[in-house]
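Numbers here are sequence positions counted from 1. All values below were derived from every heavy atom in this structure, side-chain atoms included, with hydrogens, water molecules and symmetry-related copies excluded.
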Amino acid sequence: MEQLTPDHNLALDLVRVTEAAAISAARWMGRSDKFSGDGAAVDAMRQFLATVPMRGTVVIGEGAKDEAPMLYTGEIVGRGDGPEVDVAVDPVEGTNLLANGRDHALAVIAVSERGAMWDPGPALYMKKIVVPAQAREAIDIRLPATLNLKRIAEALDRRMEDLTVFVLDKPRHQPLLEEIRRIGARITLHSDGDVMGALLAAIPGTGVDVMMGTGGTPEGILSAAAIQSLGAGFQGQLDPQKDYEKAALVEASTDLDKVLTLQDLIKSDNTFFAATGITGGSFLEGVQFDRERGVTTHSLVIRSRTGSIRYIKGIHQV
């Protein structure tokens, strides 16, 4: 297998892919049509992936081939030369955010060496904790949220009332929310945006100290590609939400009690991650259309082996 060479940052090629997806999706912002917005992003992402110097296999995609005509799991993407890699994509992370014109919708892609990414199979949901580097040794997903938050606050040298926890606003999280409120920590609730929540918790200075709760398993793998580079803390545990999901995992002899680490999700120290804001937000700005200046994008680009993190402001004449 041809190895990823250290002198070429593939993420700088990948950011062109997320920029194209974000620009195409952004025209559907607030139009209450998440399918058209997602479809536009998928089309653009696939076109630009064809220009990237790699031989990629989609491990995390839009679904099985019979459900997704493009960027489906198992699809071969890339220019056909260069390294063999695993590819994880989410052309619109937060389709509801895009459809409703809310903050924090992203176009996201991650790449690692071939065979490094964990295939989640029938696992759709995963319980997660993400914290910045200072608190990575403090977390244990098997413990109650109260104890984890006390340990995190101590590691960050914060008072509990100054700790901010990112939680998805879902019915399944009502007991978690009540527990966080009882201990006195602050909560930032979001309807969607699993990958964004992980990024906010992992990167210092965003105003978020912890991400807790159950979200998508594919999003967990995408997040792991970014968190690796940041030295941040991550633990996960499969948390099936439907009977058919649990039955499929039991049939596959999956250990539901296993604590999943970054190394379980991506068995490589050379991963690439790129995300471009579609709608606005405190972390990444959304796509802006200006007749005179062109189209402006704001992206995050990360490579784990070198630890390089770049914020890229692009101006495109479209």
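Under a cut-off of 6.0 angstrom, the local environment of CD in E154 is sparse, with at most 12 non-hydrogen atoms contributed by other residues, nucleotides or ligands. Heavy-atom neighbours of R79 CZ from other residues, nucleotides or ligands within 6.0 Å: above the threshold of 12. Within 6.0 Å of atom CG in D157, 12 or fewer heavy atoms from other residues, nucleotides or ligands are found, so the atom counts as exposed in its surroundings. In the displayed structure, D243 atom CG is contacted under 6.0 Å by at most 12 heavy atoms of other residues, nucleotides or ligands.
A donor-acceptor pair shorter than 3.5 Å can be found between the side chains of D239 and T214. Checked by atom type, the side-chain pair T164/R186 shows a donor-acceptor distance below 3.5 Å. T276 and E19 share no donor-acceptor pair across their side chains, judged by distance under 3.5 Å alone.
Between L156 and P132, the closest side-chain pair of non-hydrogen atoms falls below 4.5 Å. Counting heavy atoms from C-beta outward, I221 and P120 have side chains that approach closer than 4.5 Å. Using a 4.5 Å heavy-atom threshold, the side chains of F272 and I109 count as separate. Within the 4.5 Å cutoff, no side-chain heavy atoms of I60 are placed close to those of E219. Taking 4.5 Å as the limit, some side-chain heavy atom of L230 sits within range of a side-chain heavy atom of I309. Residues N270 and R303 form a side-chain contact, since some pair of their non-hydrogen atoms from C-beta on lies under 4.5 Å apart. Between Q317 and I315 the shortest side-chain heavy-atom distance falls below 4.5 Å. By the 4.5 Å heavy-atom criterion applied to side chains, D194 and K128 are counted as neighbours.
Rounding to the nearest 0.5 Å places CZ of F273 at 9.5 Å from OG of S229. Rounding to the nearest 0.5 angstrom, the gap separating the CD1 atom in I302 from the CG atom in L199 is 6.5 Å. The line from CG of D38 to OG of S24 is 11.5 Å long, rounded to the nearest 0.5 Å. If you take CG on L14 and CG on L49, they are separated by 7.5 Å, rounding to the nearest 0.5 Å. Note that NZ of K170 and CG of L189 are 11.0 Å apart. Values are rounded to the nearest 0.5 Å. Once rounded to the nearest 0.5 Å, the distance linking CD1 of I278 with CG of D103 reads 12.5 Å.
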Show your working on side-chain contact (heavy atoms from CB on, under 4.5 Å) between M160 and I183 and close with a plain yes or no. CA-CA 7 Å; M160 185 59 66; I183 198 173; 3.7 Å; yes

With side-chain contact (heavy atoms from CB on, under 4.5 Å) as the criterion, how do L200 and T188 come out once you've worked through the C-alpha distance, each side chain's angles and the decisive distance to 0.1 Å? CA-CA 11 Å; L200 289 170; T188 176; over 6 Å; no

Does L265 form a side-chain contact (heavy atoms from CB on, under 4.5 Å) with F234? I'd like the steps, not just the answer. CA-CA 11 Å; L265 300 187; F234 171 94; 3.6 Å; yes

Full working for side-chain contact (heavy atoms from CB on, under 4.5 Å) between E178 and R182: CA-CA 6 Å; E178 291 170 8; R182 278 197 302 270; 4.0 Å; yes

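In terms of heavy-atom proximity, H298 sits nearest to F283 at CE1-O, 4.0 Å. Taking every heavy atom of both residues into account, D119 and V59 meet most closely at CA-CG1, 4.5 Å. Between T95 and K34, the closest heavy-atom pair is O-CB, 3.5 Å. Nearest heavy-atom pair across M196 and L106 is CE-CD2, 3.5 Å. The nearest pair of heavy atoms linking D264 to L260 is OD2-CA, 3.5 Å. Nearest heavy-atom pair across A185 and V165 is CB-CG2, 4.2 Å.
Other residues sharing the hydrophobic cluster of V15, ordered by chain and number and joined by side-chain separations under 4.5 Å: L12, V301, I312.
Between the side chain of T254 and the backbone N or O of L256 there is no donor-acceptor pair closer than 3.5 Å. Formation of a donor-acceptor pair under 3.5 Å by the T217 side chain with backbone atoms of Y125 is found in this model. For E245 (side chain) and A123 (main-chain N/O), no donor-acceptor pair under 3.5 Å exists by modelled atom type. Counting only distance, with no hydrogens or angles, the side chain of E62 and the backbone of V42 share no donor-acceptor pair below 3.5 Å. Under the 3.5 Å distance criterion, the side-chain polar atoms of R55 are left unmatched by any main-chain donor or acceptor of G78. Put simply, the side chain of K127 never gets that close to the backbone of L238: no donor and acceptor are under 3.5 Å apart. Counting only distance, with no hydrogens or angles, the side chain of Q235 and the backbone of G233 share no donor-acceptor pair below 3.5 Å. Formation of a donor-acceptor pair under 3.5 Å by the E161 side chain with backbone atoms of G184 is not found in this model. A donor-acceptor contact shorter than 3.5 Å links the side chain of N100 to the backbone of N96. D86 places a side-chain N or O within donor-acceptor distance of the main-chain N or O of A116, the cut-off being under 3.5 Å.
Ring geometry for F166 against H190 counts as parallel: the plane angle stays under 30°, on a 0 to 90° scale with 60° as the upper cut.
In the hydrophobic clustering of ILVMFWY residues, with side-chain heavy atoms under 4.5 Å counting as a link, M54 and M117 come out apart. Transitive grouping of hydrophobic side chains (ILVMFWY, heavy atoms separated by less than 4.5 Å) keeps M211 and L177 in distinct clusters. Linking ILVMFWY side-chain heavy atoms closer than 4.5 Å, directly or via other members, places L176 and I152 in a single hydrophobic cluster. W118 and V85 fall into different hydrophobic clusters, where Ile, Leu, Val, Met, Phe, Trp and Tyr residues are linked whenever their side-chain heavy atoms come under 4.5 Å apart, directly or through other members. Note: the hydrophobic cluster containing M45 also contains F48 (ILVMFWY, side chain heavy atoms under 4.5 Å, direct or indirect links).
When the side chain to side chain donor-acceptor pair (under 3.5 Å) test is applied to K313, the partners found at least two apart in sequence or on another chain are E285.
D33 has no carboxylate O lying under 4.0 Å from a charged side-chain N of R31, or vice versa, which leaves the two without a salt bridge. A salt bridge links R46 with E75: the closest approach of a Lys/Arg side-chain nitrogen to an acidic carboxylate oxygen falls below 4.0 angstrom.
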